[in-house]
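For reference, the structure is listed below as structure tokens.
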Amino acid sequence: MVRVRTLITGASSGLGEGMAREFAARGHELALVARRTDRLEALAAELTAAPRAARVVTAALDVTDDEAVARVVPELAATLGGLDRVIVNAGVGDGRTVGSGKPTANLRTARTNFVAAIAQSEAAMEIFRAQGSGQLVLVTSVAADRGLRGAQTVYAAAKAGLSTFAEGLRADVHGTGIVVTEIAPGFIRTDLNEGMTMPFAVDAATGVRAMVEAIERRPAHAYTPRWPWSVLGPALRLMPMPLVRALT
Ligand SMILES: NC(=O)c1ccc[n+]([C@@H]2O[C@H](COP(=O)([O-])OP(=O)(O)OC[C@H]3O[C@@H](n4cnc5c(N)ncnc54)[C@H](OP(=O)(O)O)[C@@H]3O)[C@@H](O)[C@H]2O)c1
């Protein structure tokens, strides 16, 4: 079996936890990080109890702590003897209408979903450049395709920024052994969107399977699940504003 060492941020719940399970089932060695270490440790214990389980290491990491990101990512890489893939997945979904006088959630979303992704990518790309290989996976959203109103305005803007960032990184490493993959999920039921009305939503297991299969293909960009989001994402870009308002 080919040795694959994957670091996942935000692995304590939802899509990150699900991807950890899927990659572990494929025999990948894993480095799992998040703030809730009790959940990471329980997950690691479960994954390593399986027959022929590969190594799983965990670490506490708040991705908005730039210094901690710069220290913890290379420490985990050293523990595993290198990293083949880093999945920048940690994210939050809070938001308020801009101008409501309550900017805290919007600022936290921008810092976690965009600024912190730059710090995570910096740490990952430094390792990949030294190795001459690696796959950086940035988890964006279909929300990156269009400016959205109300509670989604900053979330969509942060994901659009992350999408453009991914393209710039791809231009940087074009023709090298380093691959940059953007995964744009549609609606997948997790803690992030609990209670939200979501058309075409799938359960976490279905969504995670689509993400893992896409990541393994190493594309530049993939909507997950592919249907209907590979049609709706590009369509969202072309819709007149009243229709976007009505749908989102
Ligand atoms: N679910 C969807 O429909 C959907 C759609 C499009 C995009 N996405 C994206 O997919 C990613 C995962 O979301 P999810 O649905 O799995 O949500 P989730 O179940 O709420 O999981 C979010 C994860 O991010 C971690 N996280 C949040 N803030 C963090 C911080 N400051 N430092 C470190 N870790 C942090 C959380 O861990 P701790 O709290 O333990 O730190 C948790 O493990 C996000 O980037 C989200 O924007 C999700």
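Order of listing sets the numbers, starting from 1, for every ligand and every atom in it.
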May I ask you to check whether Thr64 has an N/O atom sitting below 3.5 Å from an N/O atom of ligand 1? no
If we only count N/O pairs under 3.5 Å, is Gly16 in contact with ligand 1? no
Any Lys/Arg nitrogen of Arg85 or Glu216 sitting under 4.0 Å from an Asp/Glu carboxylate oxygen of the other? yes
Under 4.0 Å from any heavy atom of Leu61, which atoms of ligand 1 are there? 32 (N), 33 (C)
Go through ligand 1 atom by atom and flag the ones less than 4.0 Å from a non-hydrogen atom of Phe187. 3 (O)
When distances are taken from atom 15 (O) of ligand 1, the protein heavy atom at minimum range is Thr190 OG1, 2.5 Å
Hey, is Lys159 touching ligand 1 through its side chain, its backbone, both or neither, going by heavy atoms under 4.0 Å? side chain
Which residue and non-hydrogen atom of the protein lie closest to atom 25 (C) of ligand 1, and at what distance in Å? Gly10 CA, 3.6 Å
To which protein heavy atom is atom 48 (C) of ligand 1 closest, and what is the distance rounded to 0.1 Å? Leu15 CD1, 3.7 Å
among protein heavy atoms, the one nearest atom 31 (N) of ligand 1 is Asp62 OD1, 2.9 Å
Which residue and non-hydrogen atom of the protein lie closest to atom 37 (O) of ligand 1, and at what distance in Å? Ser12 OG, 2.9 Å
contact_flag Val33 ligand 1 heavy-atom lt 4.0 Å: no
Which atoms of ligand 1 are found less than 4.0 Å from any heavy atom of Asn193? 1 (N), 2 (C), 3 (O)
Which of the ligand 1 atoms, numbered from 1, are nearer than 4.0 Å to a heavy atom of Ser13: 18 (P), 19 (O), 21 (O), 42 (C), 43 (O)
Of all the heavy-atom pairs spanning Ile188 and Gly207, show the shortest one and how long it is. CD1-CA, 3.7 Å
Does a donor on one side chain and an acceptor on the other come within less than 3.5 Å for Thr181 and Gln135? yes
Heavy atom to atom 44 (C) of ligand 1, shortest distance: which of Asn89, Val139, Val202 holds it? Asn89
Aromatic contact between Phe200 and Trp227, with the criterion being ring centroids under 6.0 Å apart: yes or no? no
Tell me which protein heavy atom sits closest to atom 28 (N) of ligand 1, plus the residue, atom name and distance to 0.1 Å. Arg35 NH2, 3.2 Å
Among side-chain atoms of Arg36 and Ser13, is any donor-acceptor pair under 3.5 angstrom? yes
Should the pair Phe23 and His28 be assigned to parallel (<30°), tilted (30 to 60°) or perpendicular (>60°) ring geometry? parallel
Tightest non-hydrogen contact, residues Ala119 and Asp66, listed as CB-OD1, 4.0 Å
Do ligand 1 and Asn113 have nitrogen or oxygen atoms that lie under 3.5 Å from each other? no
Out of all atoms in ligand 1, which are within 4.0 Å of some heavy atom of Gly14? Include the element for each. 16 (O), 19 (O)
More than 12 heavy atoms from other groups under 6.0 Å of CD on Glu167: no
Closer than 4.0 Å to some heavy atom of Tyr155 - which atoms of ligand 1 meet that? 6 (C), 7 (C), 8 (N), 9 (C), 46 (C), 47 (O)
Write down the atom of Met239, the atom of Arg146, and the distance for their closest heavy-atom approach. O-NH1, 2.6 Å
Per-atom filter on ligand 1: closer than 4.0 angstrom to a heavy atom of Thr112 are 28 (N)
Quick test of your reading of the model: are Arg189 and Asp203 salt-bridged, counting only N-O distances below 4.0 Å? no
When distances are taken from atom 35 (C) of ligand 1, the protein heavy atom at minimum range is Ala90 CB, 3.7 Å
State, to 0.1 Å, how close Leu138 and Ser121 come at their nearest heavy-atom pair, and which atoms those are. CD2-OG, 3.6 Å
Short N or O distance, Ala34 and ligand 1, threshold 3.5 Å exclusive: no
Give the single entry among Gly186, Ser141, Gly93 that approaches atom 4 (C) of ligand 1 most closely by any heavy atom. Gly186
At their closest point, which heavy atom of Ser163 faces which heavy atom of Thr140, and how far apart are they? N-CG2, 3.9 Å
Would you find more than 12 non-hydrogen atoms of other residues, nucleotides or ligands less than 6.0 Å from Arg3 atom CZ? yes
So the atoms of ligand 1 within less than 4.0 Å of a heavy atom of Val92 turn out to be 27 (C), 28 (N)
Protein heavy atom at shortest distance from atom 24 (O) of ligand 1: Gly91 N, 3.3 Å
Do you know which two heavy atoms are closest between Asn106 and Gly95, and how far apart they sit? OD1-CA, 3.2 Å
